Asker: 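Right, I'll just put the structure down here and ask away after.
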2 protein chains.
Amino acid sequence: MSVGSAGERVTIYDVADAAKVSAATASKALNGSGRMTAETRDRIKRIALELGFRPNSLARSLTRKRSFTVGLLTNDTYGRFTLPVMAGISEGLIDHGVSVFLCTVEDNPELARIHVDAMLDKQIDGIIATGKRIDKPLPVDLSELPVPVVYALNTGPQNGVTFVPDDRQGAREAVQHLLSQGRSRIAHVTGPREFGTVRERASACSQVLEHAPQARLLDTLFGSWSERWGHEAVAQLWSRAETPDGVFCGNDQIARGVIDALRERGVDVPRDVSVVGFDNWEIVAKETRPPLTTIDMNLKELGRQAGLALVRMVNREEVVRGVTKLPCSLIVRSS
Amino acid sequence: MSVGSAGERVTIYDVADAAKVSAATASKALNGSGRMTAETRDRIKRIALELGFRPNSLARSLTRKRSFTVGLLTNDTYGRFTLPVMAGISEGLIDHGVSVFLCTVEDNPELARIHVDAMLDKQIDGIIATGKRIDKPLPVDLSELPVPVVYALNTGPQNGVTFVPDDRQGAREAVQHLLSQGRSRIAHVTGPREFGTVRERASACSQVLEHAPQARLLDTLFGSWSERWGHEAVAQLWSRAETPDGVFCGNDQIARGVIDALRERGVDVPRDVSVVGFDNWEIVAKETRPPLTTIDMNLKELGRQAGLALVRMVNREEVVRGVTKLPCSLIVRSS
DNA sequence: ATGAAAGCGCTAACAG
DNA sequence: CTGTTAGCGCTTTCAT
């Protein structure tokens, strides 16, 4: 029971006094360190509890040189990707008693610098860098910081510790699902070619189809991350002699555009054409008609792992350096 | 220039030594407190800069009893509302050097308690409580905390400090826009009746129309916050003898459903019917066809004000108690 | 097994 | 104007 009521905060001296021991002993008792009779330890613990003692983290951090606080830096204002990652980090770290500073820095280097400095001053134990786009780094160099850095969904330096979704595997899952539905004429409608993820997914997609005897890739269309582009792509694809019976889309918004366009054309999904999206952005995927089958990047798990890796680094334990790719999952709905 | 490179951190003693003054003097010089010749002050400042001195916030907070850190507690997992609010808070407070702990607590009272306690232990200066739904409080009682609390988008106790969007004013703007487009047969399609915001908006809507001589409210339909419900509502409305020529929707998703349904029925938006949404969720509003005219709740500004109010409370300055309603803005697009 | 003392880095009160 | 002293609340040797 943590009592937040009036009056002064109870310190370890209050506990020590009440237990008729020294502050040092109280400290040891409460931290499980030192050596003493189980009896005194228990007594001190009990008294601390009765008094509602809660250690002042600041004071503790000052001596321990560990603040049990990490910073999450992101350039994803919208939070589409940041929030699940954040949730995962928080979930993974709360057991370790660590809290998370969230800083949205957009693409402003000065702002980023200010936030990083502020956090460093507050003695954060480490930083997790994340963003909306894997190949667009944050507007600040984190490689020379006095604290460890983990990159999530955002590539860091060569030898950094980085976690990203396995785009290739995700794309493979998507295409294989299409094949398992008996589809043989596949089209891939995706985002801008400049995005690393776009190229990865596209390449994995064509690779799978090269090895599928009964199916093939009609075309890969690059565009923008929008519904509008989904419509346009359908217009293009359906103006040709041979139309696809399976479409793998680079994200859920494109997929939604595709599905809407198909319906408007009288093409039935999933009877005539199967569609698979990417992202599992529920707000989009669940509202498409029919609900969208898509790939989930498991961002929360990614955040969890990133957080855990960071505390290991803080503890100077071993971590895998380089890029760790985490598996995506196929979410089957009705499309 | 903040150098984060190797080696020990430089402390105020290093600065004092280098300047051949005492630590106390150095402290005063750097904080602009105390009294001394402008010359020594400048010299000390310069030396601090040269040495790359950055004060340890932990140590400072320990004596000052102010951590320049606040906590943001939310139950909005998705971040639809939390992130803009967060951005506003952060923007408003970064100048004051305060950082923000973000905690997503969903509806889990234990988790909430753990997070609150962790933050209290870290000596946060205050808490901002926010959420996805105004009338659904967070799963933890914040009224007895030893630090000030501000509620944003989430009502607190009677005499608390609360900021919410002005739903009534927003709704009025929406309806008046419809009227200004020459619409006279208005329908309101909104979310579940249990939501306070839903009732406010609906009531303001009917109130405006009661006082509009040339127009009237055909009906107010309560449903869910989904596109699906927008479709259904259109089906209901268009099965009657008299159909609306203006629809005010409780949120953008409903509006999108309405617009899609109308298009499918061959009703032209905005020629035959004007539609106004609520939320200005750009990802939805910009992708409707045509792009959606809607109400923006100015959540970022709301966050900014909430943050600023919190620091005023921390500084024991005056703040307005009770609920402060912040104006919404009409965003005119093409619907 | 327990406690005294020193110190984390900084600030504030009071002298000089 | 500047320096000395005394903490903030906790942890950690090192004695006892």
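Letters A, B, ... mirror the listed sequences (proteins, then strands); counts begin at 1. Fair warning: this is a prediction, and the values are worked out from it, not measured in the lab.
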Asker: Looking only at non-hydrogen atoms, find the nearest pair between F81(A) and M297(A) and report the distance.
Answerer: CE2-CE, 3.7 Å

Asker: When all nucleic acid strands are considered with a 4.0 Å heavy-atom cut-off, which category describes S33(A): base, sugar-phosphate, or nothing?
Answerer: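 Touches nothing.
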
Asker: Any idea which of dC10(D), dA12(C), dC10(C) is nearest the N56(A) side chain?
Answerer: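 Closest nucleotide among those given: dC10(D).
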
Asker: Between R35(B) (CZ) and dA15(C) (C1'), how many Å, whole number?
Answerer: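 Atom CZ in R35(B) sits about 17 Å away from atom C1' in dA15(C).
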
Asker: For the base of dG3(C), is there a side-chain donor-acceptor partner from K28(A) under 3.5 Å away?
Answerer: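 Donor-acceptor pair under 3.5 Å: yes.
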
Asker: In whole angstroms, how far is the P atom of dC10(C) from the CG atom of L30(B)?
Answerer: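 For the pair L30(B) CG and dC10(C) P, the rounded distance is 10 Å.
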
Asker: Rounding to an integer number of Å, can you tell me how far I12(A) CD1 sits from dT12(D) C1'?
Answerer: 12 Å

Asker: Kindly determine whether V116(B) and L73(B) satisfy side chain to side chain contact (heavy atoms under 4.5 Å, CB included), including the steps that lead there.
Answerer: CA-CA 8 Å; V116(B) 170; L73(B) 218 57; 3.7 Å; yes

Asker: Which part of the nucleic acid, if any, lies within reach of T25(B) when heavy atoms closer than 4.0 Å are counted: base, sugar-phosphate only, or nothing?
Answerer: base

Asker: Which nucleotide in the list dT12(D), dT11(C), dC8(D) gets nearest to the side chain of K65(B)?
Answerer: dC8(D)

Asker: Could you tell me which non-hydrogen atom of A19(B) sits nearest to which non-hydrogen atom of I44(B), and how far apart they are?
Answerer: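 Nearest pair, atom of A19(B) first, then I44(B): CB-CG1, 4.1 Å.
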
Asker: Would you kindly give the CG-to-P distance between L58(A) and dG9(C), to the nearest whole Å?
Answerer: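 Interatomic distance, CG of L58(A) to P of dG9(C): 15 Å.
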
Asker: Whole angstrom is fine here: how far is it from CZ in R64(A) over to C1' in dG9(C)?
Answerer: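 Those two atoms, CZ and C1', are 18 Å apart.
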
Asker: Walk me through whether D141(B) and S143(B) qualify under side-chain hydrogen bond (donor to acceptor under 3.5 Å, both in side chains).
Answerer: CA-CA 6 Å; D141(B) 178 22; S143(B) 60; 2.7 Å; yes

Asker: Applying side chain to side chain contact (heavy atoms under 4.5 Å, CB included), run through M119(B) and T69(B) and close with a yes or a no.
Answerer: CA-CA 9 Å; M119(B) 296 196 299; T69(B) 296; over 6 Å; no

Asker: On DNA chain D, compare the nucleotides closest to T37(B) and A59(B); which residue's is nearer the 5' end?
Answerer: T37(B)

Asker: Any idea which of dG9(D), dT4(D), dT11(C) is nearest the A23(B) side chain?
Answerer: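 It is dT11(C).
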
Asker: What's the CZ-P distance between R54(B) and dC10(C), to the nearest Å?
Answerer: 12 Å

Asker: Look at T40(A) and dT2(C) and indicate whether a side-chain polar atom (N or O) is within less than 4.0 Å of OP1 or OP2.
Answerer: yes

Asker: Check the distance between dG9(C)'s P and R60(A)'s CZ and give it to me in whole angstrom.
Answerer: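 Rounded to the whole Å, the gap is 18 Å.
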
Asker: Side chain of L62(A) only, heavy atoms from C-beta on: which candidate in dC10(D), dG9(C), dA1(C) is closest?
Answerer: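 Shortest atom-to-atom distance from the side chain points to dG9(C).
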
Asker: Less than 4.0 angstrom between a side-chain N/O of N31(B) and OP1 or OP2 of dT11(C), yes or no?
Answerer: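 For dT11(C), OP1/OP2 do have a side-chain N/O of N31(B) under 4.0 Å.
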
Asker: Can you check the Q123(B) CD to dG9(C) P distance for me, whole Å?
Answerer: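 About 19 Å, once rounded to whole Å.
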
Asker: Would you say NZ of K132(B) has more than 12 non-hydrogen atoms from neighbouring residues, nucleotides or ligands within 6.0 angstrom?
Answerer: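 Yes.
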
Asker: Looking only at side-chain N and O atoms, does T63(B) come under 4.0 Å of OP1 or OP2 in dC10(C)?
Answerer: no

Asker: Go through dC10(D), dT2(C), dG9(C) for me and flag the one nearest to the M36(A) side chain.
Answerer: dT2(C)

Asker: Which nucleotide in the list dT11(D), dG3(D), dC10(C) gets nearest to the side chain of F53(B)?
Answerer: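 The nucleotide sitting nearest to the side chain is dC10(C).
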
Asker: Report the nucleotide, chosen from dG3(D), dC10(C), dT11(C), that has the shortest atom-to-atom distance to any side-chain atom of S22(B).
Answerer: dG3(D)

